Number of protein chains: 2
Amino acid sequence: MAKTSTQSDVAQRAGVSTATVSRVLNGSNLVRDDVRKRVEEAMAELNYIPDESARSLATRKSRTLGAIIPTLNNAIFAVGINALEQAARERGYTLVISISNYDPDSELMLVRQMLERGVDGLMLVGNHHHDEVYRLLNASAVRHVCGWSHNNNAPSPNIGFDNARAMHAVVDHLVDLGHQKIGVLAGICQNNDRATLRLDGTRQRLEHHGLDLPKQSIIQIAYSIRAARAALPDLLKSDVSAVICGNDVIAYGAVFAAQDAGLRISENLAITGFDNLSLSKELRPSITTVNVPAADMGSTIANYLVDAIESNQPVASCKFETDLLVRETTIGSTHKMI
Amino acid sequence: MAKTSTQSDVAQRAGVSTATVSRVLNGSNLVRDDVRKRVEEAMAELNYIPDESARSLATRKSRTLGAIIPTLNNAIFAVGINALEQAARERGYTLVISISNYDPDSELMLVRQMLERGVDGLMLVGNHHHDEVYRLLNASAVRHVCGWSHNNNAPSPNIGFDNARAMHAVVDHLVDLGHQKIGVLAGICQNNDRATLRLDGTRQRLEHHGLDLPKQSIIQIAYSIRAARAALPDLLKSDVSAVICGNDVIAYGAVFAAQDAGLRISENLAITGFDNLSLSKELRPSITTVNVPAADMGSTIANYLVDAIESNQPVASCKFETDLLVRETTIGSTHKMI
DNA sequence: AATAGCAATGTAAGCGCATACAATTCTTGC
DNA sequence: GCAAGAATTGTATGCGCTTACATTGCTATT
């Protein structure tokens, strides 16, 4: 950390007390204009930079928000965090991030670090966390919220969407189109409530339509094109006419694999994604997918956290709606596909 | 911030002084084992969580790294930051990020905030910054490094690659294939030295081959598929046989636009990208592109920054090599394209 | 058995800031 | 021109921690 001038240097230079300097710094309105001006000049001349840690120690607030996410190598988290940071800063808060790599034990360690660091508010992703995480958070009085999921009986405030419910529209759409044998390329469900709920929601809705989802019609894979591309042939063995993918990246892999196999997409095989990445609209065939308001969610998380911190109340929950975007991978197109 | 137990609570409970508690906390080896154990028990019983801001204030170190990036909505930055965070944490440092939205004035404000916050090290992207940024940084003695670019006469240490030089291989490849009229879909160069250098490098290398790059063969656009798709037709008016794109996302847009126009990619129109996003290999046609070691760069930035902080020396620079990956958008393929 | 020498622990002084409270200066009404 | 009150500024304490230095307890050497 740099050796810089301190408040008392400024005070001395401006011929006032440190209290007055502090008041100028914090925009108190009980400083006479000429004095304020003098202090501000002294600050500028000395290149004075206030010390946040001293300030945090004195005020017991850090004006810092923490976010612990599984990865940034996923566009949806990256976009959400981008929006979260912007909104946080507009409110005068700084963002600290950490990556858990989808590991609950790592996440616990990170939560502890965030608490040490003294964040005023903390965001986690999803509702599946180590018990100790909940214990720590509840004991600490640091505001927290779980994003990307919404569940009325979640143990923590939620700002997100209903991952299970989101799949209903997808299933309904495919069933409407006459599909009876439907397979799933799910994300890896272990320790991931979003992936789990999407699979559960799919199964539930299929049952609601009187359709079965046999074990061999479900494959769990990493969120990567390569993994999806490799997995599709296995799924095709169970003779499905439609594949529901855990997200858009998986859907891309499925599309490429289907093309490799010489299938006509939507005619021979319908494919759906999740997230509505910007590519999904542009690709040919364009991807039928579920739109998720990642940026909105991110900024809402920041704003609700700050609201909660400043009003000294628990974070308000917020449910976002998702919507199905029907595109070429399910309803065919005029474009020729291999 | 939470009201938690303090070091002196622990000291009292364990029947020792706060100094001993502090020593246990910092792993000093001059505490007797039985005393250490007693203190650790007291910590656990009281759910003691050390206060980082007090610690920072006392030690004059924050064990925090800052990163100011243009956006997270770009996979390459997201991946780099992901790696940076992981490496930083392995070294015991926390990452604070801020988004500048490619705006130098915002960036200046963020640098100032980072300095207030007391980061021990700071990463910026590229070598184009507000003069005041350099002044502040040099005055502050906070270690800093500029990533994603490498230039021997840069005013700051650099950990990145030579954006201009990287284009030489692209141009050489296209010229080798016989292309004479080459167009460029560049990123927006204003305030972006990476985009500028890629364009400059392209022009230089074309000249080296005796080829001209007329104004109407260059279009600057945002890094988005949509913008690229919209811009390609304009470029085609100048009758180019190859298009060099500022990054892979732009290349995707160009590919889609070419397909829309009924062109045979690589035969009628060659296209190149930059970044080697994971999609680029999978897409048909696959994208000829420049591979950038984003994750390596991110972790190197973290490690070099921490090295510099802990050794009290300037950050060492590091030059990464890029390499051309020749794929279907330039050398044709057995796949049929529309 | 006395003591030098070291190991383990305690004491106390800040780190830079905010803020309660005290002291001072300025208004205003008369 | 004076007092009461408002406006402004100063004084001094403490936030929770680290650490230089002082002190105590122990071991080993003679």
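As a basis for the values below, the full set of heavy atoms in this structure was taken, side chains included, without hydrogen atoms, waters or symmetry mates. Nothing here was measured: the structure is a model prediction, and the numbers come from that model. Order of the sequence lines sets the chain letters (A, B, ...), proteins ahead of strands, with each chain counted from 1.
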Participant: Rounded to the nearest angstrom, tell me the gap between atom CD in B:Glu52 and atom P in D:dC15.
Facilitator: 19 Å

Participant: A:Asp34 has an atom CG; how far is it from atom P of C:dC26, in whole Å?
Facilitator: 10 Å

Participant: Report the distance from atom CZ of B:Arg117 to atom P of C:dC17, rounded to the nearest whole Å.
Facilitator: 14 Å

Participant: With a 4.0 Å limit, can you tell me whether B:Arg55 has a side-chain N or O closer than that to the phosphate oxygens OP1/OP2 of D:dT18?
Facilitator: yes

Participant: State which of D:dG16, D:dT11, C:dA18 makes the closest approach to the side chain of A:Thr59.
Facilitator: C:dA18

Participant: C:dG16, C:dA8, D:dA20: which one has an atom nearest the side-chain heavy atoms of B:Leu57?
Facilitator: C:dG16

Participant: Given that A:Arg32 and B:Asp33 both sit by DNA chain C, which one's nearest nucleotide is further toward the 5' end?
Facilitator: B:Asp33

Participant: Counting only N and O atoms by type, is there a donor-acceptor contact under 3.5 Å from the side chain of A:Ser5 to the main-chain atoms of A:Leu46?
Facilitator: yes

Participant: Nearest nucleotide by nearest heavy atom, which residue falls closer to the 5' end of DNA chain C, A:Ala58 or B:Leu30?
Facilitator: B:Leu30

Participant: Out of C:dG16, C:dA18, C:dG10, which nucleotide sits closest to the side chain of B:Ala19?
Facilitator: C:dG10

Participant: Using five pairs at either end of the helix from C:dA1-D:dT30 to C:dC30-D:dG1, determine the angle between the two local helix axes and round it to 10 degrees.
Facilitator: 30°

Participant: Ignoring the backbone of B:Ala54, work out which of C:dA12, C:dG10, D:dC17 is nearest its side chain.
Facilitator: D:dC17

Participant: Could I get the full list of ring pair (Phe, Tyr, Trp, His ring centres under 6.0 Å) partners for A:His129, not counting sequence neighbours?
Facilitator: A:Tyr134

Participant: Taking donor-acceptor contacts at under 3.5 Å, does the side chain of B:Arg60 reach the base of C:dG14?
Facilitator: no

